[in-house]
4 protein chains.
Amino acid sequence: MPDPSVPVAAPHRPRSEASRRAILDASLDLCGEHGYGAVTVEAIAARAGVSKKTIYRWWPSKGAVVLEALDDAANPSADFPHTDDLRADLVGQMEGLLRGLLADRRFGRALVGLIADTQHDPQLARGLVDDLYRPRVEEARHRLALARDAGQLRADADLDLVIELLYGPVYYRLLLHQGELQTVDELRTLVDHVLRSAAPAP
Amino acid sequence: MPDPSVPVAAPHRPRSEASRRAILDASLDLCGEHGYGAVTVEAIAARAGVSKKTIYRWWPSKGAVVLEALDDAANPSADFPHTDDLRADLVGQMEGLLRGLLADRRFGRALVGLIADTQHDPQLARGLVDDLYRPRVEEARHRLALARDAGQLRADADLDLVIELLYGPVYYRLLLHQGELQTVDELRTLVDHVLRSAAPAP
Amino acid sequence: MPDPSVPVAAPHRPRSEASRRAILDASLDLCGEHGYGAVTVEAIAARAGVSKKTIYRWWPSKGAVVLEALDDAANPSADFPHTDDLRADLVGQMEGLLRGLLADRRFGRALVGLIADTQHDPQLARGLVDDLYRPRVEEARHRLALARDAGQLRADADLDLVIELLYGPVYYRLLLHQGELQTVDELRTLVDHVLRSAAPAP
Amino acid sequence: MPDPSVPVAAPHRPRSEASRRAILDASLDLCGEHGYGAVTVEAIAARAGVSKKTIYRWWPSKGAVVLEALDDAANPSADFPHTDDLRADLVGQMEGLLRGLLADRRFGRALVGLIADTQHDPQLARGLVDDLYRPRVEEARHRLALARDAGQLRADADLDLVIELLYGPVYYRLLLHQGELQTVDELRTLVDHVLRSAAPAP
DNA sequence: GTGTAAGCGAGACGGTACGTCAAGTCTTTAG
DNA sequence: CTAAAGACTTGACGTACCGTCTCGCTTACAC
């Protein structure tokens with residue numbers, strides 16, 4: 001007797017994983033080669049050897065495709081380290097992030113292109129925040145909460161503000177200065193500043 | 001003998017100021033009414049009662065039009081106040097900036113749209129930085145330099161970093177959270193944080 | 001030894017008569033409701049609650065479906081009457097034909113649509129002639145041959161030409177004047193003309 | 001003082017005659033080479049070296065393009081001769097028509113394709129009748145009226161019916177038998193039949 | 001009775017063409 | 001030389017059907 005709570009597979013052809021992969025790869029590659037502006041549904045379809053219909057069947061816009069591709073490819077090495085040294089952890093994570101954006105220009109171009117598209121596509125904006133940002137921001141907040149509980153930050157420190165102070169300048173450069181991102185030294189100075197402003201009273 | 005410093009009128013029809021104004025107004029109005037995405041050269045031309053050729057004759061792209069329009073309309077009340085109270089001055093200027101962006105949604109939409117376009121138009125990026133940002137950043141740096149010289153900031157404070165700490169979070173919200181900008185309270189907290197991190201050693 | 005002329009039933013599920021009927025009905029109904037142009041394999045499948053595959057399994061094109069549907073539905077009352085009065089028989093048959101085409105607009109639309117499709121589908125053209133026309137033309141020729149043998153037409157009358165003279169004008173109107181078909185009076189005049197031209201010399 | 005009833009030329013770029021010619025030629029050539037089914041707006045545009053927009057600017061559908069092309073190219077030698085011999089004139093004109101359709105297969109294919117399209121495009125149907133048929137039918141009726149007035153046809157002959165008797169069979173063959181048109185001998189027999197049926201009583 | 005091969009619904013897939021839109025260039029006439 | 005009007009090429013958009021294909025279920029015969 002079948003368990004009704006486990007619905008049997010619908011009796012039709014399942015989605016092609018091969019097409020999905022080809023589409024995501026093609027979209028990121030186009031980003032890297034000719035910039036986000038060259039990413040069009042037609043170009044993705046042509047390069048992936050796929051029909052436009054297949055793209056529109058599964059994604060509402062080219063932005064959604066790039067978003068999924070970027071999320072898939074996101075460098076897990078940029079995840080937060082958890083040592084005893086808060087400053088080192090912060091610098092380490094941010095450095096990993098920047099290195100990811102610089103090492104493979106597909107990623108940097110994809111990210112700023114997505115943010116740009118976001119300005120006239122609310123649905124994409126939601127997706128970007130929900131799928132890409134929120135999980136990573138949560139991680140950061142978690143690490144900072146640990147530090148606060150350990151007395152390394154003031155008990156009343158506003159963790160969200162701290163996060164904005166840390167990442168705000170990074171996005172500021174990324175978007176307004178065409179990817180002239182911070183150096184590691186600058187990152188250290190940035191983290192020092194922010195930690196000093198949130199340090200517990202002596 | 002003609003005075004060479006007063007160029008004689010060229011023997012041809014001069015640029016029409018009326019058209020220029022109509023074009024700039026139309027571009028901003030379209031921003032406000034249907035968003036930056038609805039700003040197209042065709043739409044501007046139609047609304048301004050002007051031919052597309054005239055637009056292309058004087059501006060290289062629609063972004064350049066919007067940039068000039070925004071620069072023209074920039075709220076001079078957001079200029080930096082110069083009282084003795086650094087904190088009040090900073091909060092005041094930033095509040096003026098945010099109020100300008102919120103009061104007339106044409107401005108907010110125009111700005112984020114421009115930043116978005118910037119990602120695939122280096123010429124526009126240069127224009128945005130040179131015409132819109134730099135003058136205002138200079139002003140901010142000047143005000144901070146005065147404060148530093150007056151001993152209100154550490155002598156070795158990195159003024160550019162301070163600026164990025166102040167404005168980074170603002171742009172972070174503007175671009176990544178669709179204009180859910182800071183409240184005045186949040187601005188105060190932000191300025192306090194940054195000033196604390198740059199305060200002179202006790 | 002099995003009789004090869006009576007193929008044994010294949011050891012598998014037989015064709016579904018229910019699907020066949022649903023498909024034919026759906027195709028004619030679509031003709032009637034939105035015109036032949038709205039008859040697409042997808043629409044037939046959707047309306048008949050059938051998969052496209054099932055249609056393509058049994059028919060080579062949508063035209064073939066409509067042809068079979070039309071043939072199935074063909075009004076047998078349009079068959080040739082055989083009284084002594086040739087003129088009355090001809091008028092009667094043609095009137096029955098026209099009435100069929102006018103009474104149910106599914107039929108008229110299906111027929112002209114088929115003829116149209118015929119122009120780029122030779123296989124359908126063959127099917128239309130073989131299945132729909134030829135049997136009816138044979139009947140007409142048979143009736144005329146009887147009349148000729150009875151001395152009601154000239155002995156050397158070209159029966160095929162007579163048929164073309166009778167039905168040519170009908171199709172002419174059907175195709176070139178969007179179904180403004182002849183009235184009964186006009187039919188009578190037409191038949192009179194043709195009979196006069198084929199009458200035996202006095 | 002300008003005469004307001006003679007509007008001065010509007011101050012804008014006039015329609016390009018070169019594009020128009022290229023489009024019409026391309027559409028007919030495509031008919032001839034791969035059949036009316038291969039005539040698509042995209043194909044016309046590609047072959048004519050013209051953008052789709054230009055086609056859609058001036059014609060509502062591909063059918064309208066082919067119609068205009070066919071009208072432009074219509075063989076004026078198929079115009080009605082006006083000798084004393086009615087039978088010869090009729091045979092001559094119809095022969096010219098058939099020769100035109102057979103000599104250049106672009107024409108035959110274009111015509112049947114148009115008639116087919118007509119079945120789901122009422123606007124095209126109107127155009128076909130108004131632009132292509134009516135002028136030629138009028139000519140035929142005029143010639144027949146002259147004959148009737150000269151006593152060569154019965155005084156009460158229905159000229160429109162005569163025309164349908166003459167041309168109905170031609171279209172019947174053209175559409176239902178894939179262009180197996182009448183031979184000259186058959187044309188003669190056809191004309192004889194029709195004239196006999198309309199001849200004045202002896 | 002049961003195994004199995006075809007029928008069947010559903011619908012994903014690679015394509016082609018559709019008709020629309022904006023970009024940016026060019027041509028004409030008027031001032 | 002400027003400007004309005006708007007025709008032009010280009011190229012992407014998102015949609016509709018085409019005809020083919022895979023999937024998992026069902027069903028009637030053949031053993």
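Bear in mind that the values here come from a model prediction, so they are computed numbers and not experimental data.
- Put simply, CH2 on A/W59 is 15 Å from P on F/dG14, counting in whole angstrom units.
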Quiz prompt | Step-by-step side-chain contact (heavy atoms from CB on, under 4.5 Å) determination, A/F107 to A/V112 | solution = CA-CA 9 Å; A/F107 299 149; A/V112 297; over 6 Å; no
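- Listed by residue number, B/S16, B/S19 are the residues of residues 16-27 of chain B with a heavy-atom contact under 4.0 Å to DNA chain F.
- When heavy atoms are screened at a 4.0 angstrom cut-off, C/R15 is found touching the sugar-phosphate backbone but no base atom.
- Of the residues in residues 33-50 of chain B, those lying under 4.0 Å from DNA chain E by heavy-atom distance are B/T40, B/V41, B/E42.
- Computed from coordinates, the A/R57 CZ to E/dG11 C1' distance equals 8 Å when rounded to whole Å.
- Comparing atom distances between the C/K53 side chain and each of E/dG19, F/dT22, E/dA23 picks out F/dT22 as nearest.
- With sequence neighbours excluded, no residue forms a side chain to side chain contact (heavy atoms under 4.5 Å, CB included) with C/P14.
- Counted within 6.0 Å of CD on C/Q123, heavy atoms from surrounding residues, nucleotides or ligands total 12 or fewer; the atom is thus considered open.
- With distances taken from any side-chain atom of B/Y56 to the nucleotides F/dT15, E/dT25, E/dC18, the minimum falls on E/dT25.
- Applying the side-chain hydrogen bond (donor to acceptor under 3.5 Å, both in side chains) rule to pairs touching residues 107-120 of chain B yields B/Y36-B/D117, sequence neighbours excluded.
- Considering only residues two or more places apart in sequence or on other chains, B/K52 meets the salt bridge (Lys or Arg N to Asp or Glu O under 4.0 Å) condition with B/E42.
- Applying the salt bridge (Lys or Arg N to Asp or Glu O under 4.0 Å) test to D/R21 and every residue at least two apart in sequence or in another chain returns D/D25, D/D72.
- Residues of residues 114-122 of chain C having a heavy atom closer than 4.0 Å to DNA chain E: none are found.
- B/A48 pairs by the side chain to side chain contact (heavy atoms under 4.5 Å, CB included) definition with B/A22, B/I23, B/A26, B/V50, not counting sequence neighbours.
- Considering only residues two or more places apart in sequence or on other chains, C/A46 meets the side chain to side chain contact (heavy atoms under 4.5 Å, CB included) condition with none of them.
- Taking A/D71 as the reference, A/R136 meet the salt bridge (Lys or Arg N to Asp or Glu O under 4.0 Å) condition, with sequence neighbours excluded.
- Listed by residue number, the members of residues 60-68 of chain B with any heavy atom below 4.0 angstrom from DNA chain E form an empty set.
- In this entry the distance linking CZ of D/R13 with C1' of F/dA3 reads 17 Å, nearest Å.
- Ion pairing of C/R20 with C/E68 is present here, as a side-chain N (NZ or NE/NH1/NH2) and a carboxylate O approach within less than 4.0 Å.
- Here E/dG7 presents its C1' atom at 18 Å from NZ of C/K52, a figure rounded to the nearest Å.
- Residues passing the side chain to side chain contact (heavy atoms under 4.5 Å, CB included) test with B/A110 are B/L28, B/C31, B/V66, B/L70, sequence neighbours excluded.
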